[in-house]
A.B. asks: 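Below you will find the structure I want to go over with you.
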Amino acid sequence: MNAPDDRAQTRSVHLRTCPLCEAMCGLEVHVEDRQVALIRGDRDDVWSRGYLCPKGTALGHLHHDPDRLTVPMVRTGDAWAEVSWDDAFARCEELIGHVLATYGKDRVTAYIGNPTAHAFSLGRYVGVLVGMAGLPSVFSAGTIDQWPKNVSSILMYGGMWTIPVPDLDRTDHLVIMGGNPQASGGSLLACADVLAKLDAIRARGGRVVVIDPRRTGTADHADEWVPIVPGTDAAFLMSVCQVLFDDGLVDVGAIAPLVAGLDDVRALVADWTPERVAATCGIPADTIRRLARDLATAPSAALYGRIGTCNQEFGTLTSWLVDVVNVLTGNLDRPGGAMFAKPVARAVSTLPDPGFADGITFGRWTSRVGDIPEVLGQVPVGLLAEEILDGGDRSWKGLFTIAGNPVISSTNPDRLDVALDDLECMISIDNYLNETTRHAHVILPGLSALEQPHFDDLILEWALRSVGNWSEPVIPTADRRPAEWQILTILGAMMLGLRADDIDVQAFDDAYFSVLAEAWGIDPAIALAGSPGVGPERLLDLQIRAGHFGDRYGDRPGGLTLQSFKDSPHGIDLGPLVPRLGEVLATPSGKLELAPPHITADLTRLAARLEREVDSLLLVSRRHLRSNNSWMHNVKVLVRGKDRCTLLIHPDDAASAGVVDGALARVSSANGTIDVAVEVSDEMMPGVVSLPHGWGHDLAGTRLAVARAHAGVNNNKLADPWSIDVPSNNAAVNGIPVDVRPV
Ligand SMILES: Nc1nc2c(c(=O)[nH]1)N[C@H]1C(S)=C(S)[C@@H](COP(=O)(O)OP(=O)(O)OC[C@H]3O[C@@H](n4cnc5c(=O)[nH]c(N)nc54)[C@H](O)[C@@H]3O)O[C@H]1N2
Ligand SMILES: Nc1nc2c(c(=O)[nH]1)N[C@H]1C(S)=C(S)[C@@H](COP(=O)(O)OP(=O)(O)OC[C@H]3O[C@@H](n4cnc5c(=O)[nH]c(N)nc54)[C@H](O)[C@@H]3O)O[C@H]1N2
Ligand code: SF4
Ligand SMILES: [Mo]
């Protein structure tokens, strides 16, 4: 757009997709003299129609944050120096050269953080660093997030990102378990303004149910809130399936010829009656029966589970059962049910893993400490600290962190805080000197969101519609700083033993581009000739042209190219979800595997849970609309107002514990103790308390002035790093037994 408006000659208005969450809101960014003057929703955006949240308006504050790094930082002892890019890369070369010569590349790993999935250049190129460097394995925020869903998806459908999304626009009945889109904006469910969709379901006569230990802001938009004991969702869903079979309500519908394992499921759930699980889940048996029947008898229904169903003891079983229920009730792959998105561009991260060519296997190697079998190439993120400190002659000596802050976000934070100082080469690609990057030898900052183009990648795999939106940079960088894709390529090449001066970024990029073209069935020579340039923008052209709606470089005349999106500044909408299970299935059998043995084997562990008495309070996590994991607490407008890092507790529990609203409570688990302000509220079910994650900014040596003044406490100090969902290696940070008492 870039049209000057009438208020000031120097004011320009730019359209830009917000990269902060999966809602992908279209924004209008007003800029005056290189300063963001105003951000508001773009009412003509084909996807978000003007919707935005307070974080979207913070993009300007993030860009102008005086604490945001814009030049590389090199640490010597406790002293940081701002250096030139040449000097920073020279130091990286020295550090990498040292670990390679002394230990070899098998002692180098990476931690990949959440913004990677949202960033234009990071998301498309993080695999370049990992692949070129030949890292033996990596850690990521994924194992304290959605790994269980990745496991159930790859085993059921053949792709770890083949994740069905609830068709909010057409469903008659929606059940949300362990997700709070009022705060999160929706997750593994890309939709702008989920709450409006919930209101619309009810307005057209449908029903919305929220199953959560907390009566959330989302529950306020539902017909019914069903409190559940944390970590017992799988037991609940087993009994839902039992009712469906017992009542003769199972009808898989049109996908029946594609489904394998229905009889196995019938046998597995047979003795999971509602009466058997009711006390454990805290849900009466007749309520379970009613919820099951409602799902089966609604004209269409979708069951949706998110992080509360993943970051827990039985994450994989629950993630699997959510899909099983959608299948049994005939709601998988039909309008109004749970469907697979048809993205406008191919996602780099959905390429099949060559390691699974002969079938999907886990446990190909085990963790360097504790012998935990890998799952989808990762072991629990909480073990990173242990593997640095106690890995013996296999301990990690080199670490890249890429847009991640595990000292706050991961379990085992105190040990990690110590462990990172043991590294001989730690290089962070990050925009802040924070709790994690303060341990780095070098920090290489990326561009701010407003300095780079944007077009989502992975998130489009679970978007409610087939849409795409191209954003030009809003405030191009004044200096010639490398973008993150260049940084990743250079570091990858250094891991190959190349010297900074000898690295030909274009040549590596041509090679990467060609590999992807080939994988998507396009002749690399034709693609290279048809998409000139370099980097993620060129790659995006390939992703679009090789995709479902693309022109395939002339083979499909009239198909889309990147230029199509550049010509449509408010985005292109290619319609709602369409049934496409047959097209997405990539399992070895070619069928939807309804009862994967890797998952069902875990039912013995679940059965044992029914025998376990719980007599302490259980701690769960929560999010807030004005916060984003650990890294946006440095934005003044977002943290002002009342303290958000509080312990939510039911009035009865507060009375028994002797704690009062506003006063400090001491919360202890088997792993740690923190002191935190109490917020008494009947929005918590009795027996469960809640803390947000992402806080604890009081550590020395960071450059986060605002966050430090609103430090809060780190709830992950209470988590046990060895407490995991076994089939996925995902952290079980929901359902931690804690003791609460006055300070
Ligand atoms: N107890 C508990 N713990 C949790 C969770 C929970 O629910 N409960 N949730 C988990 C979840 S779902 C996640 S995803 C993880 C998040 O875990 P992380 O990804 O490790 O943490 P973030 O706070 O997202 O850290 C993001 C980092 O990226 C940097 N950054 C931001 N934007 C950019 C960019 O554009 N480029 C670069 N190079 N750097 C950037 C920030 O400065 C920050 O250092 O936390 C997990 N931890
Ligand atoms: N504003 C904001 N938006 C965000 C983020 C953020 O930090 N802030 N983070 C982003 C990221 S990285 C992610 S992964 C998504 C997550 O998106 P969501 O999954 O929507 O995350 P939450 O808002 O934490 O909601 C999780 C809910 O699970 C409930 N819960 C906890 N344990 C259990 C359990 O055992 N069973 C059940 N049924 N419920 C349980 C909690 O009470 C909470 O209401 O949000 C993304 N969006
Ligand atoms: S909901 Fe907020 S944070 Fe998420 S994309 Fe929209 S404006 Fe950005
Ligand atoms: Mo996440």
Side-chain angles (χ1 to χ4, degrees), residues 17-25 27 41 48 51-59 62 68 111-119 122 140-142 144-146 176-189 192-193 210-214 216 218-219 228-233 236 305-313 318 381 401-411 428-432 434-437 444-449 452 484 487 618 620-632 684 688 690-694 714-716 718-719 731 733-735:
T17 303
C18 177
L20 294 173
C21 87
E22 296 180 24
M24 305 186 292
C25 298
L27 306 177
S48 57
Y51 176 77
L52 84 171
C53 87
K55 293 187 300 302
T57 62
L59 283 179
L62 284 171
R68 180 171 66 86
Y111 172 84
I112 301 165
N114 169 272
T116 310
H118 296 270
L122 272 186
S140 81
I144 186 161
D145 188 341
Q146 81 298 328
I176 300 180
M177 298 180 77
N180 182 19
Q182 181 277 328
S184 68
S187 176
L188 298 180
L189 160 59
D193 201 358
V210 169
I211 304 179
D212 196 300
R214 178 176 168 226
T216 59
T218 301
I228 186 167
V229 173
T232 67
D233 303 78
F236 163 77
R306 199 39 290 261
I307 203 158
T309 60
C310 284
N311 272 349
Q312 56 141 296
E313 195 178 356
T318 310
V381 64
T401 73
I402 299 141
N405 191 11
V407 169
I408 299 284
S409 306
S410 168
T411 58
S428 294
I429 304 180
D430 205 286
N431 297 352
Y432 283 95
N434 62 18
E435 296 78 10
T436 297
T437 61
L444 304 170
L447 301 172
S448 88
Q452 46 182 320
E484 282 148 324
I487 300 174
L618 296 177
V620 296
S621 299
R622 70 171 186 270
R623 285 170 165 72
H624 192 282
L625 183 64
R626 303 180 76 93
S627 171
N628 194 13
N629 296 326
S630 79
W631 72 277
M632 284 178 63
M684 292 313 299
V688 183
S690 158
L691 278 172
H693 77 288
N714 186 347
N715 67 342
N716 281 320
L718 300 171
V733 289
N734 287 312

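Just so you know, these numbers use all the heavy atoms, side chains as well, and skip hydrogens, waters and symmetry mates. Note that ligands are numbered from 1 as they come in the structure, with each ligand's atoms numbered from 1 the same way.
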A.B. asks: Work out whether the distance between some heavy atom of Ser690 and some atom of ligand 2 is less than 4.0 Å.
C.D. replies: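 No, Ser690 has no heavy atom closer than 4.0 Å to ligand 2.
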
A.B. asks: Which part of Pro115 is near ligand 1, with near meaning a heavy atom under 4.0 Å away: side chain, backbone, both or neither?
C.D. replies: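 The answer is the side chain of Pro115.
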
A.B. asks: I need the protein N, O or S atoms closer than 2.8 Å to atom 8 (Fe) of ligand 3, given as residue plus atom name.
C.D. replies: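 Less than 2.8 Å away from atom 8 (Fe) of ligand 3 sit Cys18 SG.
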
A.B. asks: For atom 15 (C) of ligand 1, what is the closest protein heavy atom, and at what distance to 0.1 Å?
C.D. replies: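 Residue, atom and distance for the closest contact: Ala141 CB, 3.9 Å.
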
A.B. asks: Just to confirm my output: which protein heavy-atom neighbour is closest to atom 43 (C) of ligand 2, and how far is it?
C.D. replies: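 The answer is Asp212 OD2, 3.4 Å.
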
A.B. asks: What protein heavy atom sits nearest atom 34 (C) of ligand 2, and how far off is it?
C.D. replies: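 The protein heavy atom lying closest is Gly308 O, 3.3 Å.
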
A.B. asks: Applying side-chain contact (heavy atoms from CB on, under 4.5 Å) to Ile211 and Ile176, what does each step give before you reach the verdict?
C.D. replies: CA-CA 6 Å; Ile211 304 179; Ile176 300 180; over 6 Å; no

A.B. asks: Given side-chain contact (heavy atoms from CB on, under 4.5 Å), test Met24 with His118 step by step and report yes or no.
C.D. replies: CA-CA 9 Å; Met24 305 186 292; His118 296 270; over 6 Å; no

A.B. asks: Applying a heavy-atom cut-off of 4.0 Å, say which part of Leu122 lies close to ligand 1: side chain, backbone, both or neither.
C.D. replies: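 It is the side chain that gets close, since no backbone atom is under 4.0 Å.
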
A.B. asks: How far is atom 39 (N) of ligand 1 from its nearest protein heavy atom, and which residue and atom name does that atom have?
C.D. replies: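 It is Ala403 CB, 3.4 Å.
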
A.B. asks: Taking all heavy atoms of Ile144 and all of Ser410, pick out the closest pair and write down the distance.
C.D. replies: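 Looking at all heavy atoms of both residues, the shortest contact is CD1-CA, 4.2 Å.
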
A.B. asks: For ligand 1, is any non-hydrogen atom under 4.0 Å from Asn716's backbone (N, CA, C, O), its side chain (CB onward), both, or neither?
C.D. replies: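 Contact part for Asn716 vs ligand 1: side chain (C-beta onward).
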
A.B. asks: Would you say Lys55 touches ligand 2, if touching means a heavy atom closer than 4.0 Å?
C.D. replies: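 Under 4.0 Å: yes for Lys55.
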
A.B. asks: Might you point out which heavy atoms bring Asn734 and Ser621 nearest each other, and give the distance in Å?
C.D. replies: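 Of all heavy-atom pairs spanning Asn734 and Ser621, the closest is OD1-N, 2.8 Å.
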
A.B. asks: Flag the pair Asp145 and Arg306 as a salt bridge only when some basic side-chain nitrogen lies within less than 4.0 angstrom of an acidic carboxylate oxygen.
C.D. replies: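 Salt bridge present between Asp145 and Arg306.
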
A.B. asks: Of all heavy-atom pairs between Ala219 and Val210, which one has the smallest distance, and what is that distance?
C.D. replies: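 Taking Ala219 first and Val210 second, the nearest heavy atoms are CA-CG2, 3.8 Å.
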
A.B. asks: Could you tell me, atom by atom, which parts of ligand 2 come under 4.0 Å of a heavy atom of His624?
C.D. replies: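 Counting atoms of ligand 2 from 1, those under 4.0 Å from His624 are 1 (N), 2 (C), 8 (N).
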
A.B. asks: List every atom of ligand 2 that sits less than 4.0 Å from any heavy atom of Ala183, numbering the atoms from 1 in the order shown and giving each element.
C.D. replies: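 Here the atoms of ligand 2 in question are 1 (N), 2 (C), 3 (N).
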
A.B. asks: When you measure from atom 20 (O) of ligand 1 to every protein heavy atom, which one gives the shortest distance, and what is it?
C.D. replies: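 Of every protein heavy atom, Tyr111 OH, 2.6 Å lies nearest to atom 20 (O) of ligand 1.
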
A.B. asks: Heavy-atom contacts with Gly113 under 4.0 Å: which atoms of ligand 1 show up? List them by number with element.
C.D. replies: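 In order of numbering, the contacting atoms are 19 (O).
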
A.B. asks: State the atoms of ligand 1, each with its element, that fall below the 4.0 Å cut-off from a heavy-atom position in Ile307.
C.D. replies: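 Those of ligand 1 that fall under 4.0 Å from Ile307 are 12 (S).
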
A.B. asks: Using a 4.0 Å cutoff against the non-hydrogen atoms of Asn715, which atoms of ligand 1 qualify?
C.D. replies: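 By the 4.0 Å cutoff, the relevant atoms are 1 (N).
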
A.B. asks: Under 4.0 Å from a heavy atom of Pro230: which atoms of ligand 2 are those, numbered in the order shown and with their elements?
C.D. replies: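 Going through ligand 2 atom by atom, the ones under 4.0 Å from Pro230 are 34 (C), 35 (O).
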
A.B. asks: Looking only at protein heavy atoms, which one is nearest to atom 8 (N) of ligand 1, and what is the separation?
C.D. replies: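 Among all protein heavy atoms, the one nearest atom 8 (N) of ligand 1 is Ser621 OG, 2.9 Å.
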
A.B. asks: I need the contact type for Ser409 against ligand 1. Using non-hydrogen atoms and a strict under-4.0 Å cut-off, is it side chain, backbone, both or neither?
C.D. replies: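 It is both parts that get close, each with some atom under 4.0 Å.
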
A.B. asks: Going by the atom numbers of ligand 2, which of them fall below 4.0 Å from some non-hydrogen atom of Ser187?
C.D. replies: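 Here the atoms of ligand 2 in question are 13 (C), 14 (S), 15 (C), 16 (C), 17 (O).
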
A.B. asks: To check your reading of the model: name the closest protein heavy atom to atom 4 (C) of ligand 1, its residue, and the distance in Å.
C.D. replies: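 Among all protein heavy atoms, the one nearest atom 4 (C) of ligand 1 is His693 CD2, 3.3 Å.
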
A.B. asks: With only distance considered, is Asn628 within less than 3.5 Å of ligand 1 through an N or O on each side?
C.D. replies: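 Not met; the criterion fails.
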
A.B. asks: Hey, does the side chain of Lys55 reach the backbone of Leu625 with a donor-acceptor pair shorter than 3.5 angstrom?
C.D. replies: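 Yes, because the side chain of Lys55 sits within donor-acceptor range (under 3.5 Å) of the backbone of Leu625.
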
A.B. asks: Which residue and atom name correspond to the protein heavy atom nearest atom 2 (C) of ligand 2, and how close is it?
C.D. replies: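 Result: Ser627 O, 3.0 Å.
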
A.B. asks: Hey, does Gly231 sit under 4.0 Å from ligand 2 if you only count heavy atoms?
C.D. replies: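 Contact check Gly231 vs ligand 2: positive.
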
A.B. asks: Distance to 0.1 Å, residue and atom name: give those for the protein heavy atom nearest to atom 40 (C) of ligand 2.
C.D. replies: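 Ranking protein heavy atoms by distance from atom 40 (C) of ligand 2, first comes Pro213 CD, 3.4 Å.
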
A.B. asks: Which residue owns the protein heavy atom closest to atom 36 (N) of ligand 2, what's the atom, and how far is it?
C.D. replies: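 Nearest neighbour among protein heavy atoms for atom 36 (N) of ligand 2, to 0.1 Å: Asp233 OD1, 2.8 Å.
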
A.B. asks: Hey, is Glu484 touching ligand 1 through its side chain, its backbone, both or neither, going by heavy atoms under 4.0 Å?
C.D. replies: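 Answer for Glu484: side chain.
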
A.B. asks: So is there a nitrogen or oxygen of Val733 less than 3.5 Å from a nitrogen or oxygen in ligand 1?
C.D. replies: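 No, no N or O pair falls under 3.5 Å.
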
A.B. asks: So, regarding Asn434 and ligand 1 (criterion: nitrogen or oxygen to nitrogen or oxygen, under 3.5 Å), is there a contact or not?
C.D. replies: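 Yes; the residue has a nitrogen or oxygen that sits under 3.5 Å from a nitrogen or oxygen of the ligand.
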
A.B. asks: Taking all atoms of both residues into account, what is the closest heavy-atom pair of Cys25 and Leu52, and its distance?
C.D. replies: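 Answer, listing the atom of Cys25 first, then Leu52: SG-CA, 3.9 Å.
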
A.B. asks: Mind checking whether Gly185 has a heavy atom under 4.0 Å from ligand 2?
C.D. replies: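 Contact check Gly185 vs ligand 2: negative.
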
A.B. asks: Just go through Ile402, Ile487, Asp430, Ile144 and tell me whose heavy atom is the nearest to atom 11 (C) of ligand 1.
C.D. replies: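 Comparing heavy atoms across Ile402, Ile487, Asp430, Ile144, the nearest one to atom 11 (C) of ligand 1 lies in Ile144.
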
A.B. asks: With heavy atoms only and a cut-off of under 4.0 Å, state how Ile228 meets ligand 2: side chain, backbone, both or neither.
C.D. replies: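 Ile228 to ligand 2: side-chain contact only, backbone stays beyond 4.0 Å.
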
A.B. asks: Is a donor from one side chain sitting under 3.5 angstrom from an acceptor on the other, for Ser428 and Thr437?
C.D. replies: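 Absent: no donor and acceptor within the cut-off.
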
A.B. asks: Any idea which protein heavy atom is nearest atom 23 (O) of ligand 1, and the distance to it?
C.D. replies: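 Minimum-distance protein heavy atom for atom 23 (O) of ligand 1 reads Ser630 OG, 2.5 Å.
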
A.B. asks: Enumerate the atoms of ligand 1 whose separation from the nearest heavy atom of Asp145 is less than 4.0 angstrom.
C.D. replies: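 Those qualifying, in numeric order: 12 (S), 14 (S).
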
A.B. asks: Does Gly404 have a non-hydrogen atom less than 4.0 Å from ligand 1?
C.D. replies: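 The answer is yes, since Gly404 has a heavy atom less than 4.0 Å from ligand 1.
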
A.B. asks: Provide the number and element of each atom of ligand 2 under 4.0 Å from a heavy atom of Asn734.
C.D. replies: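 Matching atoms, with element in brackets: 31 (C), 32 (N).
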
A.B. asks: Can you tell me the protein heavy atom closest to atom 19 (O) of ligand 1 and the distance?
C.D. replies: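 Looking only at protein heavy atoms, the one closest to atom 19 (O) of ligand 1 is Asn114 N, 2.6 Å.
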
A.B. asks: Just which atoms of ligand 2 are under 4.0 Å from any heavy atom in Val620?
C.D. replies: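 With Val620 as reference, the close atoms of ligand 2 come out as 31 (C), 32 (N).
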
A.B. asks: How far is atom 25 (O) of ligand 2 from the closest protein heavy atom, and which atom is that?
C.D. replies: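 The answer is Asn180 N, 3.3 Å.
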
A.B. asks: Can a side-chain donor-acceptor contact be found between Ser184 and Arg623 if the only test is distance below 3.5 angstrom?
C.D. replies: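 No, no side-chain donor-acceptor contact under 3.5 Å.
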
A.B. asks: If the cut-off is 4.0 Å to any non-hydrogen atom of Tyr432, which atoms of ligand 1 fall inside it?
C.D. replies: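 Answer for ligand 1: 42 (O).
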
A.B. asks: Looking at atom 10 (C) of ligand 2, what's its closest protein heavy atom, distance included?
C.D. replies: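 Answer, as residue, atom name and distance: Arg623 NE, 3.7 Å.
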
A.B. asks: Given His693, which partner from the list Asn714, Asn629, Asn311 fulfils the side chain to side chain donor-acceptor pair (under 3.5 Å) test?
C.D. replies: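 Checked Asn714, Asn629, Asn311 against His693; only one passes side chain to side chain donor-acceptor pair (under 3.5 Å): Asn629.
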
A.B. asks: Hey, which atoms in ligand 2 end up nearer than 4.0 Å to a heavy atom of Thr216?
C.D. replies: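 It comes down to these atoms of ligand 2: 44 (O).
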
A.B. asks: For atom 47 (N) of ligand 2, find the nearest protein heavy atom and state the residue, atom name and distance (0.1 Å precision).
C.D. replies: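 Scanning the protein heavy atoms, the shortest distance from atom 47 (N) of ligand 2 goes to Ser184 O, 2.9 Å.
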
A.B. asks: Just to be sure I'm reading this right: ignoring hydrogens, which of Asn714, Asn431, Asn405, Asn311 gets closest to atom 35 (O) of ligand 1? Compare them by their nearest heavy atoms.
C.D. replies: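 It is Asn431 that holds the nearest heavy atom.
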
